[in-house]
2 protein chains.
Amino acid sequence: MSEPRRAAAETETQAGALAAALARPEPPPLMREQALETVKDAIISGRLPPGTRLIEREMCAALGVSRSIVREVIRQLEADRLVQVAAHRGPRVAELTAKTAREIYDLRAELEVLLVKDFIRNAADIEVTQLVALAPEVAAAAAANDIDDLVVIMRHFYGVLVVGADNTVAADILETLHARISRLRVLAMSEPGRISCSVREISEIVAAVEARDPARAEVATRAYVNAARDAALRQIARG
Amino acid sequence: MSEPRRAAAETETQAGALAAALARPEPPPLMREQALETVKDAIISGRLPPGTRLIEREMCAALGVSRSIVREVIRQLEADRLVQVAAHRGPRVAELTAKTAREIYDLRAELEVLLVKDFIRNAADIEVTQLVALAPEVAAAAAANDIDDLVVIMRHFYGVLVVGADNTVAADILETLHARISRLRVLAMSEPGRISCSVREISEIVAAVEARDPARAEVATRAYVNAARDAALRQIARG
DNA sequence: CCTCTTTTTTTGTCAGACAATCTGACCGTA
DNA sequence: TACGGTCAGATTGTCTGACAAAAAAAGAGG
């Protein structure tokens with residue numbers, strides 16, 4: 001009984017390896033996905049500020065796609081809470097109140113703590129090394145006061161974290177939260193003194209991860225996210 | 001300067017109150033929302049089991065709507081992770097692996113802890129009373145072994161919790177997680193002995209909330225969700 | 001200045017079309 | 001029989017055009 005099943009399992013494994021090796025990461029991109037990415041990026045970067053009306057016809061013209069596509073994209077952005085849609089009134093880029101921002105940061109803290117702990121538990125040594133290698137990069141970008149570069153490096157940081165933590169559910173949700181506060185994060189980083197402070201906090205997280213010390217990592221991660229939250233809320237309060 | 005503004009604010013407030021009082025909670029329901037709710041309910045209840053293909057034309061016929069609507073609905077379900085869509089291959093009701101289930105339950109624990117703590121901090125006394133009043137109902141339904149009733153009561157329980165906690169972000173995300181594991185939750189509840197166990201755990205949560213003791217509530221909530229997780233994973237393991 | 005109409009804009013929905021792609025059946029060959 | 005190749009049908013991805021209903025804007029009148 002086990003002979004044929006073993007054989008089947010073997011061919012399956014081989015096929016799986018083949019598929020993985022040959023998988024094209026870029027199957028002919030769907031219009032819908034390109035359009036979604038374009039609009040999402042425009043919102044996240046702030047080129048479409050909160051409150052902006054997203055009129056279907058204009059979106060069609062701007063994106064070069066049909067209304068069908070635009071409407072599907074809107075539905076996805078709505079589900080991600082990046083746009084708010086009132087019936088018969090059309091979608092607008094979502095506003096971010098202080099209350100909502102606080103809620104997002106508080107939940108973000110829990111998610112990042114969860115991910116860092118999972119990273120400590122699940123990540124291979126090479127992934128830990130990758131994370132450790134990012135700490136000096138963060139420091140360098142901070143020293144140069146290059147916020148754009150810092151954003152890129154932090155995105156990389158979270159990329160390594162997410163892969164090593166191997167927790168898709170938490171990673172997906174954290175990504176939606178990050179998207180919602182992305183403008184705010186950049187704003188908060190431009191607060192004088194915030195950058196050098198966050199460098200220290202991130203270094204501490206990395207050090208705790210390197211030591212594979214979950215309790216220490218939790219404290220460090222909470223400190224980092226809470227400080228970011230307070231800076232963000234100050235920015236909102238200033239208008 | 002403040003006089004006219006006060007007057008304006010007053011009429012605005014009055015108008016707002018009127019609008020709130022007369023607001024029909026049911027503005028002519030959009031086809032798309034009805035369709036979404038119908039499909040979502042079918043998935044959550046298990047009438048559309050995981051893996052089921054959702055063919056556009058068939059959905060149109062079944063729901064009595066056009067393809068535009070069906071496709072918009074699919075996009076929303078995709079964003080909620082209730083369906084998985086492969087390009088050119090169409091959507092299927094999402095499968096739930098043991099790994100994903102574990103991740104969902106672990107995150108659910110964090111979210112419910114967060115919400116319970118917020119409830120303790122923010123809820124009015126009357127809301128605490130409402131929650132306390134649900135404990136005996138849970139016990140009664142459990143004693144009668146009426147799982148359907150228990151599901152309804154637990155939905156009510158979370159409704160009260162969410163309103164009192166006043167944390168929309170966490171509530172929304174918890175709702176999507178609950179949706180993804182809803183079949184599993186029912187399955188887990190049918191495990192012999194699980195119900196009476198969960199009654200005790202829920203009573204302890206309620207007692208901790210009534211005492212407004214966050215630390216105790218956290219312990220109780222974790223115990224409840226972790227027990228639910230273990231029961232759920234056992235069900236998955238059994239096939 | 002406020003209020004009531006009338007237009008204009010925009011959304012919500014449908015129907016039909018067509019190319020690109022996937023699936024499964026069929027078929028010849030070794 | 002097992003395997004690789006071909007072809008027709010099914011299905012998705014996308015576009016266009018249409019129209020009723022709702023909301024917003026513009027005018028008219030007091």
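Just so it is clear, the structure is predicted and the values come from calculations on it, not from any experiment. Residue numbers start from 1 in every chain, and the chains themselves are labelled A, B, ... in the order their sequence lines are given, proteins ahead of strands.
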Touch check for B:L54, heavy atoms < 4.0 angstrom, all strands: base, sugar-phosphate only, or nothing?
sugar-phosphate

Look at B:R89 and C:dT21 and indicate whether a side-chain polar atom (N or O) is within less than 4.0 Å of OP1 or OP2.
no

How long is the line joining CG of A:L63 and P of D:dC15, in whole Å?
10 Å

Hey, does B:R67 reach any base, or is it just sugar-phosphate, or nothing, if we go heavy atoms under 4.0 Å?
base

Grab the CZ-C1' distance between A:R57 and C:dT10 for me, whole Å please.
7 Å

Any B:R71 side-chain nitrogen or oxygen under 4.0 Å from OP1 or OP2 of D:dG13:
yes

The residue, A:R53 or B:V85, whose nearest nucleotide of DNA chain D is more 5′ is B:V85

Going by atom types alone, do B:E112 and B:Y158 pair a side-chain donor with an acceptor below 3.5 Å?
yes

Using whole Å, report how far CE of B:M31 lies from C1' of C:dA15.
14 Å

Which whole-number value in Å describes the distance from B:H88 NE2 to C:dT21 C1'?
6 Å

Check whether any side-chain heavy atom of A:I43 sits under 4.5 Å from a side-chain heavy atom of A:T52, and report yes or no.
no

Please determine, for the side chain of A:P91, which listed nucleotide (C:dT11, D:dT12, D:dT14) has the closest atom?
C:dT11

Quick check: are there more than 12 heavy atoms from other residues, nucleotides or ligands sitting under 6.0 Å from CZ of B:R238?
no

Among the nucleotides C:dT13, C:dT11, C:dT23, which one has an atom lying closest to any side-chain atom of B:L30?
C:dT13

Keeping B:E103 on the side-chain end and A:T168 on the backbone end, is there a donor-acceptor pair under 3.5 Å?
yes

Calculate the interatomic distance between B:E56 atom CD and C:dC22 atom P; express it in whole Å.
15 Å

Do any N or O atoms from the side chain of B:K99 and from the backbone of A:D166 form a donor-acceptor pair under 3.5 angstrom?
yes

Could you check how far CD of B:E72 sits from P of D:dT14, rounded to whole Å?
14 Å

Value in whole Å for how far the P atom of D:dA23 lies from CZ of A:R92
14 Å

CD1 of A:I55 versus P of D:dA23: gap in Å, rounded?
16 Å

